[in-house]
Amino acid sequence: MTQTFKNTLTIKNLEKSFNDVMALNDISLEVQEGEFCSLLGASGSGKTTLLRVIAGFESPDKGSLEINGRNLNSLPIANRNIGMVFQNYALFPHMSVRENVAFGLEMQKLKKIDINTRVNEALKLVDLRNEATRFPNQLSGGQQQRVALARAIVIKPSLLLMDEPLGALDKNLRKEMQAQIKELHKNINATIIYVTHDQEEAMYLSDRIVLLDQGKIIQSGTCKELYSSPKNRMVANFLGECNFIKLEDGRNITIRPESFAVLDRKTSENGIEVTIKDLVFLGSYTKLIGSYNQQEITATFRSSDLNPNIRKLDKVHLIFNKECLINL
Amino acid sequence: MYIKTSKWSWLAVTPMMIFLLGIFVWPVFSFLMLSFGDSLSAPSFVHYQKIITTPIYRQIIFNTFNIALLVTIFSVIFSYPIVYLLANVSKRMRKFLFILVLLPFWTSALVRTTAWIVILQRKGILNEMLLFTGIFNEPISFIYNFSGVLIGMTHVLMPFVIFPLYAAYKNIDYSLIEAAESLGSKSYQTVKRLIIPLTMPGVIAGSIIVFMSAIGYYITPALMGGPKQTMIAMLIENNINRTLNWELAAALSSVLLFSTLILFIIFQKYFGFDNLLSSNSQKGSSQFYKRKEKFSPSKITMYFLGGLVCVFLIAPIVIVFPMSLSASPFLEFPPQEYSLRWYESFFSDNRWLRGLWNSLIAAAVTIAISLPIGTLAAVGVNEMKRKTRLWLETLFILPMVIPVIIFAISLFYFIAPLRLNNSAVTLGIAHSVLAMPFVFLTVSASLKNFNKNLELAAYSLGASWKTMFWRIMLPSITPGIIAGAIFAFIQSFDDVILALFLTNIKSRTLPRIMFEGVAHEIDPTIVAISGLLITLTVLLFAINALFASERENDPNI
Ligand SMILES: Nc1ncnc2c1ncn2[C@@H]1O[C@H](COP(=O)(O)OP(=O)(O)O)[C@@H](O)[C@H]1O
Ligand SMILES: [Mg+2]
């Protein structure tokens, strides 16, 4: 157990400002070896800045960074052994795929044979062996993305940083690449810090999610923790949808749309009567939008569970279980 | 609608086509045909044979290419530090440095040469300084030899490398450099593996232009070199004026022109000439994240070298002013005593004033001809299909490419029998050939920036093409036209070579009189005139910048 904790990234009280903007505000974070940690947050929340400080592209105003208990602050970028996948890939346009991937190993002055072996391994891992002699502009977006990945992992970094690596890809390709990244993470058992603003992507990939807002960590934990016990409304809204309802008796409740059951009459205390404003069929599930005391309520149901006879403007009861409520 | 504009566009380019074909292409062609002997049906190649078999000619051709190559290499090496400086300083400073880079280019060859002679001659400023420091105890000959030619030519041709290199450098996505660093690359490795290969296209583009221009140079090697640095252009001139061997001169011109055209075609094919004057570059996509680098020894070294190159570029231009204010009849630095006597001497000497008057006439004629014709051609070409456009553009910028000496001799050969030479007006017409490409290019550039939707909006509101042109298009391309006028003026006002062939003692221009002076001994009046000319250039630059910056604020762009 103690072995595992050796390769921990420890960030303490990090601060970074640009002119007046406080891009990072008292960030403290620990990432364990082999962990897949996602930084999630709206645009401008400081995700890229945090990544760039870790990589050494920016120096922090305050605070410390350690890997294996070794302080990174004064270590030059070239000596950090941190792999980085850039949002725009940053492939060297004048080098072939093979040359791109070999670059980091050449910097380490390895022997030609060793370089070749490791480049081949990396290219195999991202399934690009047949494209080795091509140049970046001859590759599709997904392929470029994989070259960037191979180039970063081939140096066996102690930490792999990815800044919205799938941001430029279309939706289907993104799904495919997510699966590949997840697979890769398992295979090489790398410690990864992954930046995204897509909550689904973060939940699919991560062991842990760190939610950032205006340069501050709002909450950090496993996907389940963040989803079922968000710390505040913002977190609750950011991961999935959420209803904030003021009941007739004055109580405020917070509840996820999928925590409701629908009945045509009142059976228990824990229910609200809503008028259906819209029913949106979304395939496997259906979204019900209703109004309750001038508040908009969203509820989702498996399409097959829903009574086919209910219509717009019907009045229905939405029942919830006390255990499903979120405590804010 | 569409058909109508295309008819218009041909009408618009016709004047420039006729003008260039009649006054430029045809005379040059007729002159070059001389090289094949009298009868066209049985062309003779004796003159070409003579060039190949005569060792001195071979030597001169070799010299020419050798000098051009070295000038190119020096231009590239010196450009890197200044480009690094340009890319890293503040926006304001960058604007200033750009002007610094361009000033030598837009300063008359004679002014530059005068200044270099003042600095570099045996009793010049540099030698005095070196002697003073005690590093050397004898003056060094910097000038009237190989180093003189290299210094003079590199000085003026460097901007051709600096601009494309700067564009290429700025286009490097900064995240590439960060990627390299995160992969363990040290800064020298990043330079070797990334910066140099990625800026290579810019360097090659610039190098071709430098080399191409250098092989046709006349004034600088004639004034700053020694007998051993004779270049082809000087040999051609010698054959016309001394040995009177027109056929041989024509053959030599053909060789020079052929080399120039080959380089020009290569350049057009891969780069395109019209991009050269504008230093516009797209910004690297992650400029925002470019961090402020700490001062490292390598950065300080680059800054220092960049500063040195700046001094090299600007020193001869700055030095002229204190020198011109010296009271002494000998060129000395720093002057013992200051006075305006050399300026007075200029304004009270009829010889100089007549020269000034002739220069002004020629420049006025140049602007009057080249501005409307060049503008019209640019508007016409802008409407055309890509392919036609490329051909016309190539024809229209040809006068910038072909060595002026060839054009000058051809025109002389063409019009001397008609007794049309020896007049400032004729000279102005000839200068129009040189100036028109500049007008064409500057107006074309502003047309490219002209928002096509404005034109369509005008049509949709019921405007005819004519109304649209006068009310919408012309006002928004005015800065380009003004820049064209300024360039046209400078082209005419600075020219020596055409003036040498097309004017006589009565009609000679200011630069020609200066040339005759510099070739013998520099009279301080020439330095004073140089000061005036530099002031004029800077003023014109400022006017241009004023209009250009107004344009930058225009929300339509
Ligand atoms: N180099 C910089 N100069 C000035 N401001 C910056 C710079 N980098 C980031 N910022 C500012 O810091 C804040 C966080 O930016 P960033 O880390 O890029 O956010 P995210 O990646 O989460 O979208 C933003 O307000 C941004 O404007
Ligand atoms: Mg970002």
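Everything quoted here is computed from the prediction, not taken from an experiment. Each chain gets a letter, A, B and so on, in the order the sequences are listed, and its residues count up from 1.
For the atom pair A:Y89 OH and B:L176 CG, the distance stands at 14.0 Å (nearest 0.5 Å). Taken to the nearest 0.5 Å, the OG1 atom of B:T199 stands 9.5 Å off from the NE2 atom of A:H94. Atoms CE and CZ, from A:M95 and B:R193 in turn, are 4.5 Å apart once rounded to the nearest 0.5 Å. The line from CE of A:M84 to CG of B:L183 is 11.0 Å long, rounded to the nearest 0.5 Å. Taken to the nearest 0.5 Å, the CZ atom of A:F86 stands 9.0 Å off from the CG atom of B:D173. Taken to the nearest 0.5 Å, the CE atom of A:M107 stands 12.0 Å off from the CD atom of B:E181.
Under a cut-off of 6.0 angstrom, the local environment of CD1 in A:I113 is sparse, with at most 12 non-hydrogen atoms contributed by other residues, nucleotides or ligands. No more than 12 heavy-atom neighbours from other residues, nucleotides or ligands sit within 6.0 angstrom of CD on A:Q214. A 6.0 Å sphere centred on NZ of B:K192 holds no more than 12 heavy atoms belonging to other residues, nucleotides or ligands. Within a 6.0 Å radius of CZ in A:F18, other residues, nucleotides and ligands contribute more than 12 heavy atoms.
Contacts between A:L91 and chain B at a heavy-atom distance below 4.5 Å involve the backbone alone (N, CA, C, O). Contacts of A:I82 with chain B are made by backbone atoms alone, with heavy-atom separations under 4.5 Å and no side-chain atom involved. Neither the backbone nor the side chain of A:Q87 comes within contact range of chain B; no heavy atom of the residue lies under 4.5 Å from a heavy atom of that chain.
The side chain to side chain contact (heavy atoms under 4.5 Å, CB included) check on B:V156 picks up B:F105, B:R112, B:Y217, with sequence neighbours excluded. The side chain to side chain contact (heavy atoms under 4.5 Å, CB included) test applied to B:V191 returns B:I195, B:I196, not counting sequence neighbours.
Summarising the geometry of A:A90 relative to B:S175, their closest heavy-atom pair is CB-OG, 3.5 Å, with the distance given to 0.1 Å.
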